[in-house]
Amino acid sequence: MPHNADFPPAKKFKPGSVFFRQEKNKPGMLLPRKGTNNNKNVSIDVQRKQLPIHQAKPQLLNQLRQLQNAILIGETGSGKTTQIPQYLYEAGIGRQGLIAITQPRRVAAISLAGRVAEEKRTQLGKLVGYTVRFEDVTSSETKLKFMTDGMLLREAIGDPMLLRYTVVVLDEAHERTVHTDVLFGVVKAAQRRRRELNKVPLKVIVMSATMDVDLFSEYFNKSPVLYLEGRQHPIQIYYTKQPQSDYLQAALVSVFQIHQEAPPSHDILVFMTGQEEIEALARTCRDIAKHLPDGCGSMVVIPLYASLPPAQQLRVFQPAAKGCRKVILSTNIAETSVTISGIKYVIDTGMVKAKRFNPDSGLEVLAVQRVSKAQAWQRAGRAGREDSGFCYRLYTEQEFDSLIPMTVPEIQRCNLAGVMLQLMALGIPDVMNFDFMSKPSSEAIRSAVEHLELLGAVEKKKEQVLLTALGKKMASFPLEPRYAKTILLSPDYACSEEILSIVSLLSVDSVLYNPPARRDEVLAARKKFTSSEGDHVTLLNIYRAFKKVSGNKEWCRENFVNSRNMSLVKEVQAQLREIFLKLNLKLESCGSDTGRVRRCFAHGMFLNAAELQLDGSYLALNTHQPVAIHPSSVLFQSKPAYVVFNELLHTSRCYMRDLCLVDADWLLDAAPEYFGRKLHIAKS
DNA sequence: GAGCACTGC
């Protein structure tokens, strides 16, 4: 961050500064303005008819009736997501079954269902319903079903041809989440299979907000692409004249340049990469805002990122006081998940923090990198939701041109073990050659299958990969395969009650709340739960204490426990327990004998084991790479000979997080062949 | 003695 305190950067930039230049005319980039619809008093029916999509309805229906596959490009505000399902239903298309509309996010599925139910004047859960994890608001009457894409994927395990459905609408396809990408293949296979078996055909409609749909069309047998105009307002794009070496400095300068020139009611949204730099820039902005020249209005700076408590996230929706400008510093949460009205200016640093995956090491790395062109347009679009807007890109037009067109689909950036297991549970005959729209590398696929083989979920027979009985059970849990495996092992150690809780704790965001300013208090409060057996048992102690006080909020505050995440843990635990019992497994508690819990984890998580070396460092046993105990672990000060860990985090070093103390013998027992050649130290 | 973009089953 800039430290030039004697001369606030804002003063360096007079109104009309030449920091930016306007983009050259780019056809198709400045989107046409289409009618206005800000009248909140008009009836729902009138509102529906005012949507841009309404005029296209007859043609659209004509096309959709005939086509088996269609790609639909609809700009923001076209109304496609709420209207298409209704049009189909009203026209009697796909009446023999349900119409599914998938969404990448829960909130979207829930709110869209609510909106459409309102438009149809029915109670939510009747004609129109939704299904997301932990919540199923549908009934036998439901015909239009909004759901998360992950939910449809889960349903497909029990019904690979998706026979309940006659139409599947895959919305927000341009986001290319893992779930959507797997669904592409699943619906395509279901279509073909239904055709072969002379079943009712399955219509698939892929909806995207971006123009890059060649891949979609090609994949779905060259299906036609239909365009829908939106109600996006024109956005003026500016680029910097020179490349910026310090995007944070550039963002700061731009905020104050706009602040000095624009009317105070025009809010600013800045896209940045993470919590730390957002909080730092927020502090700097507030400092500078205190010393602005006369005549310059005030500003309120609001950080926005996912780990912020909900109450603080809501601040972005509160209008600023009259004459005061709202400046929102946000991560990419504001690209899709959070929509803020009143944004006139977007400042795009051009950077994003994103996960990368190395199949060789199995290591995921979170790194700051350039956005894609599609992402840059998505960000710019946030300025034109109610009226025309401006987007200031903190990079040159040449730099923009050199950006990759689309973000690499997540399926090419993640560990595929869970995906491959799910595909096999769906009965896909040849998973190694699954028809992915964007095929992951063969190394990534091979490494995932090898991983599943080591867990005993699959076996290779004559070049064929087959699901084992264990693998089938593993797939029934909504968990990473190694967690599912650990749960399935737990009856052998008579500690399933505890394993179900710990796995639930490990599979949600941290339940530990660590405000840096109250570090000593946190340490003191946590001390009473700390176990020398490691983080797993420590978490278990916290969970047991939480249950003892029935989730008392005051207790959570005193003990620095995130009660929202803890409630989620309870829901996950209940779900896992239900699946566990359905498999007719014996649910027992080990009471205070937590050694059993550690044995079970050693057995289930042996792929994530590390060994203490003579020089005091650690080596991961599967890859032989140097790793270290993360300072947040309760085992940080100690030097156990063997541990299993939950995940590796690559930052300044390669850190193991969430550790469990284990014996070398246990690891050997878990996988004698695998460790026969890897363990150094003889038995103690 | 460190630091976590965002979803989702």
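Everything numeric in this text was worked out from a predicted model, so none of it was measured. Order of the sequence lines fixes the chain letters, A, B, ..., with proteins taken first and strands second; residue numbering starts at 1 for each chain.
- Residues A:Tyr395 and A:Gln244 have side chains not in contact (no heavy-atom distance under 4.5 Å, counting atoms from C-beta outward).
- Between A:Thr148 and B:dC9, a side-chain N or O to OP1/OP2 separation shorter than 4.0 Å is present.
- Distance, A:Glu571 CD to B:dC9 P: 11 Å, rounded to whole Å.
- Between A:Asp149 and the choices A:Thr180, A:Asp171, A:Val178, the side-chain contact (heavy atoms from CB on, under 4.5 Å) rule is met once, by A:Thr180.
- A:Arg105 comes within contact range of the sugar-phosphate backbone alone, with a heavy-atom separation under 4.0 Å but no base atom that close.
- Looking at A:Lys188 and A:Asp435, a side-chain N of the basic residue comes within less than 4.0 Å of a carboxylate O on the acidic one, giving a salt bridge.
- Atom pair A:Phe477:CZ and B:dG8:C1' shows a separation of 18 Å (rounding to whole Å applied).
- If you measure from atom CD of A:Glu135 to atom C1' of B:dC9, you get 15 Å, rounded to the nearest angstrom.
- Between the CD atom of A:Gln422 and the P atom of B:dC9 there is a distance of 12 Å, given to the nearest Å.
- Dashed line: the shortest gap from a side-chain N or O of A:Arg106 to OP1 or OP2 of B:dC9 is under 4.0 Å.
- Two residues are said to be in side-chain contact when any heavy atoms from C-beta on lie closer than 4.5 Å; A:Arg564 and A:Asp509 fail this criterion.
- Residue-level contact check: A:Thr177 touches neither bases nor backbone, having no heavy atom under 4.0 Å from any strand.
- Between A:Leu183 atom CG and B:dC9 atom P there is a gap of 12 Å when expressed in whole angstrom units.
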Which is it for A:Ile411 and A:Phe436 under the side-chain contact (heavy atoms from CB on, under 4.5 Å) test, yes or no, and what are the steps along the way?
CA-CA 9 Å; A:Ile411 199 140; A:Phe436 285 108; 3.5 Å; yes
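- Taking the six-membered ring where the residue is Trp, the centroids of A:His536 and A:Phe601 are separated by under 6.0 Å.
- Rounded to whole Å, atom C1' of B:dG8 lies 11 Å from atom CZ of A:Arg154.
- Within the 4.0 angstrom heavy-atom criterion, no nucleotide atom of any strand lies near A:Val368.
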Protein within reach of the bases, or only the backbone? For nucleotides 1-6 of chain B, mark each nucleotide 5' to 3' as B, S or -, using heavy atoms under 4.0 Å.
BBSBBS
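- Atom-to-atom, CG of A:Leu426 to C1' of B:dC9 comes out at 13 Å; the value is rounded to the nearest Å.
- Look at CG on A:Leu506: it is 20 Å from P on B:dG8, rounded to the nearest Å.
- Ring centers of A:Phe216 and A:Phe184: under 6.0 Å apart, within the cut-off.
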